[in-house]
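Working notes for the structure below.
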Amino acid sequence: MLLDLSEEHKEHLAFLPQVDSTVVAEFGRIAVEFLRRGSNPKIYEGAARKLSVSSDTVQHGVEGLTYLLTESSKLMISELDFQDSVFVLGFSEELNKLLLQLYLDNRKEIRTILSELAPDLPSYHSLEWRLDVQLASRSLRQQIKPSVTIKLHLNQNGDHSTKVLQTDPATLLHLVQQLEQALEEMKTNHCRRVVRNIK
Amino acid sequence: MELSEYVQKGFQMLADPGSFDSNAFTLLLRAAFQSLLDAQADEAVLDHPDLKHIDPVVLKHCHTAAATYILEAGKQRADKSTLSTYLEDCKFDRERIELFCTEYQNNKNSLEILLGSIGRSLPHITDVSWRLEYQIKTNQLHKMYRPAYLVTLNVENTDSRSHPEISFSCNMEQLQDILSSRNASNNQNQDH
């Protein structure tokens, strides 16, 4: 599968052959750093001054590179496809090799970052539990009522939330059985076939 | 068991065969238990033809007194001797004491369940549902290929009677993690 690069994108990337390969490597590093932490416009100004070009040009160059890397990582395109996609830009052999290396080195990490952008339900973080016995309440004395108190830690979009819940031993047994069944499902032939064949 | 003068007066009236004959006494006693334990019971519980001849104010007073006493006895888990002592103090005859104790014994379990269910507690998990999915792609990331579980806990709140749900996603390892904690707490349960 080849990448489809728009005219505007090609224009932005046209800046890259005009600079040294070390500069391109540096831009690559900045691009990945921006993906990790968010962009920092001050960096553009510093680089623009050093290279004697406008900071807009630098910005477009870095952004073009970022988009190239993220699209390639998202689609998980093969080496060959990447090389063919970049070929249309008419860059030198050396630059093409550099871009390919940049892609392969950072692909895994970029995919991890992209996976965090998916629509997110609260996800499980950890669980603590405690066994209690209720002995009395305002309305009834001399009780023996066992209960399990559970603290569920969840993550959503970087926020950590906790929920404190309670259940009785019978329900706990039922919950365990249900979840064990859920886990067993992955081992069935049906699921195994799906995992094997959809790649 | 500390009971108010109102209750005591009500019982003294109830003890008097002149105000309440055997039949009326039994009916009132049953009505008291019914009002407490039967979710559908309403004011009509005292509308029995054999109770019509009694002054409604007296009827209400005795009914309230009996219900109050029953609740207090249930709360304190009173035994037969405690019940008998108090009823004797209110001048109940032997037969009426026996009747009261028998009725109390018959309804004791329901009473205790009712009292035990009153009160605040943490949101209580009642059920769990799960969904196993195989993630293929998102708009940000293609070719994902990983299984994931979506677990939903059905939770009940005693006060608000609301049924919020708690849903979260997890992968296989995390589900294993949950199960090993749950099994550990299960084993603790069984040991004790």
Side-chain angles (χ1 to χ4, degrees), chain A residues 70 73-76 111 113-131 133-134 137-143 145-150 152 154-156 163-169 171-176 178-183 185-186 191 194-195 198-199, chain B residues 71 74-77 111-132 134-151 153 155 166-172 174-179 181-186 188-190 192:
Chain A
T70 48
S73 305
K74 162 176 149 179
L75 299 167
M76 195 71 172
R111 281 180 72 79
I113 296 170
L114 288 175
S115 70
E116 290 166 18
L117 292 172
D120 200 18
L121 284 160
S123 71
Y124 174 77
H125 180 262
S126 61
L127 183 134
E128 299 169 61
W129 60 268
R130 187 181 82 189
L131 179 63
V133 176
Q134 181 170 313
S137 70
R138 183 178 168 184
S139 44
L140 188 62
R141 309 291 147 84
Q142 294 171 37
Q143 298 179 44
K145 203 166 163 190
S147 69
V148 179
T149 307
I150 295 173
L152 189 60
L154 300 174
N155 278 332
Q156 183 167 23
K163 303 245 192 273
V164 186
L165 306 162
Q166 217 173 36
T167 187
D168 53 85
T171 310
L172 184 64
L173 206 54
H174 168 71
L175 297 179
V176 167
Q178 286 297 309
L179 293 177
E180 276 176 350
Q181 266 181 25
L183 216 46
E185 264 309 297
M186 267 314 288
C191 290
V194 170
V195 171
I198 301 187
K199 277 211 211 303
Chain B
L71 284 176
K75 176 169 110 182
Q76 303 287 357
R77 299 214 184 223
L111 188 64
E112 280 169 10
I113 291 172
L114 177 69
L115 289 171
S117 69
I118 300 172
R120 290 174 185 276
S121 67
L122 291 167
H124 192 100
I125 304 176
T126 49
D127 202 0
V128 67
S129 22
W130 54 268
R131 184 178 87 190
L132 171 59
Y134 193 59
Q135 292 172 345
I136 303 177
K137 59 164 77 165
T138 69
N139 65 332
Q140 302 288 357
L141 197 59
H142 293 203
K143 301 191 189 172
M144 284 173 76
Y145 309 135
R146 61 172 185 206
Y149 285 96
L150 178 63
V151 178
L153 298 171
V155 171
I166 297 181
S167 293
F168 60 88
S169 64
C170 63
N171 59 32
M172 272 184 87
Q174 290 169 328
L175 194 55
Q176 295 272 28
D177 187 40
I178 298 176
L179 275 172
S181 335
R182 290 268 174 91
N183 271 325
S185 76
N186 226 351
Q188 287 287 348
N189 262 328
Q190 286 167 0
H192 295 104

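Model, not experiment: these values are computed from the prediction. Throughout, a chain's letter reflects where its sequence line sits, starting with A, and its residues are numbered from 1.
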- Message: Quick check on Arg141(A): does its CZ atom have over 12 non-hydrogen neighbours (other residues, nucleotides or ligands) under 6.0 Å away?
- Response: yes

Based on non-hydrogen pairs under 4.5 Å, which of [options] is most in contact with chain A?
| options | value |
| --- | --- |
| Val151(B), Leu114(B), Leu71(B), Asp177(B) | Asp177(B) |
| Asn183(B), Asn171(B), Val155(B) | Asn183(B) |
| Gln135(B), Arg146(B), Gln174(B) | Gln174(B) |
| Ser169(B), Ala184(B), Gly116(B) | Ser169(B) |

- Task: Apply side chain to side chain contact (heavy atoms under 4.5 Å, CB included) to Leu175(B) and Tyr124(A), showing your working.
- Result: CA-CA 9 Å; Leu175(B) 194 55; Tyr124(A) 174 77; over 6 Å; no

Proximal component of [X], with respect to chain B [non-hydrogen, under 4.5 Å]:
| X | answer |
| --- | --- |
| Thr149(A) | side chain |
| Val133(A) | neither |
| Leu179(A) | both |

Within this structure, what is the [atom1]-[atom2] distance for the pair [X] and [Y], rounded to the nearest 0.5 Å?
| X | Y | atom1 | atom2 | answer |
| --- | --- | --- | --- | --- |
| Gln140(B) | Ser73(A) | CD | OG | 12.0 Å |
| Gln176(B) | Glu180(A) | CD | CD | 9.5 Å |
| Ile136(B) | Ile198(A) | CD1 | CD1 | 4.5 Å |
| Met144(B) | Met76(A) | CE | CE | 12.0 Å |
| Leu132(B) | Leu183(A) | CG | CG | 9.5 Å |

If we ignore hydrogens and angles and just use 3.5 Å, is the side chain of [X] paired with the main-chain N or O of [Y] as donor and acceptor?
| X | Y | answer |
| --- | --- | --- |
| Thr171(A) | Thr126(B) | no |
| Lys137(B) | Leu75(A) | no |
| Tyr134(B) | Val194(A) | no |
| Arg182(B) | Leu173(A) | no |

At a heavy-atom separation under 4.5 Å, does [X] approach chain A through its side chain, its backbone, both, or neither?
| X | answer |
| --- | --- |
| Ser181(B) | both |
| Leu111(B) | neither |
| Ile178(B) | both |
| Val128(B) | both |
| Pro123(B) | both |
| Ala148(B) | neither |
| Glu112(B) | both |
| Leu150(B) | side chain |
| Ile118(B) | both |

- Heavy-atom side-chain proximity of Leu179(B) to Val176(A) below 4.5 angstrom: yes

- Item | Arg77(B) side chain near Leu140(A) side chain, heavy-atom distance below 4.5 Å | yes

- Residue pairs passing the salt bridge (Lys or Arg N to Asp or Glu O under 4.0 Å) test where at least one lies in residues 121-132 of chain B, sequence neighbours excluded: Arg131(B)-Glu133(B)

Using every non-hydrogen atom in the two residues, find where [X] and [Y] come nearest and quote the distance to one decimal.
| X | Y | answer |
| --- | --- | --- |
| Gln178(A) | Trp130(B) | O-NE1, 3.3 Å |
| His142(B) | Arg111(A) | O-NH2, 2.8 Å |
| Pro122(A) | Ser167(B) | CG-O, 3.6 Å |

- All side chain to side chain donor-acceptor pair (under 3.5 Å) counterparts of Gln76(B), not counting sequence neighbours: Glu72(B)

- Message: What verdict does the side chain to side chain contact (heavy atoms under 4.5 Å, CB included) test give for His174(A) and Ile125(B), after you've listed the backbone C-alpha separation in whole Å, the side-chain angles of each residue and the deciding distance to 0.1 Å?
- Response: CA-CA 11 Å; His174(A) 168 71; Ile125(B) 304 176; over 6 Å; no

- Query: Under the side chain to side chain contact (heavy atoms under 4.5 Å, CB included) criterion, do His124(B) and Asp168(A) qualify, and how do the steps go?
  - Reply: CA-CA 8 Å; His124(B) 192 100; Asp168(A) 53 85; 2.9 Å; yes

- Item | Largest heavy-atom contact set with chain B, pairs under 4.5 Å, which of Val164(A), Leu175(A), Val148(A) |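 Among the listed options, the one with the most contacts to chain B is Leu175(A).
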
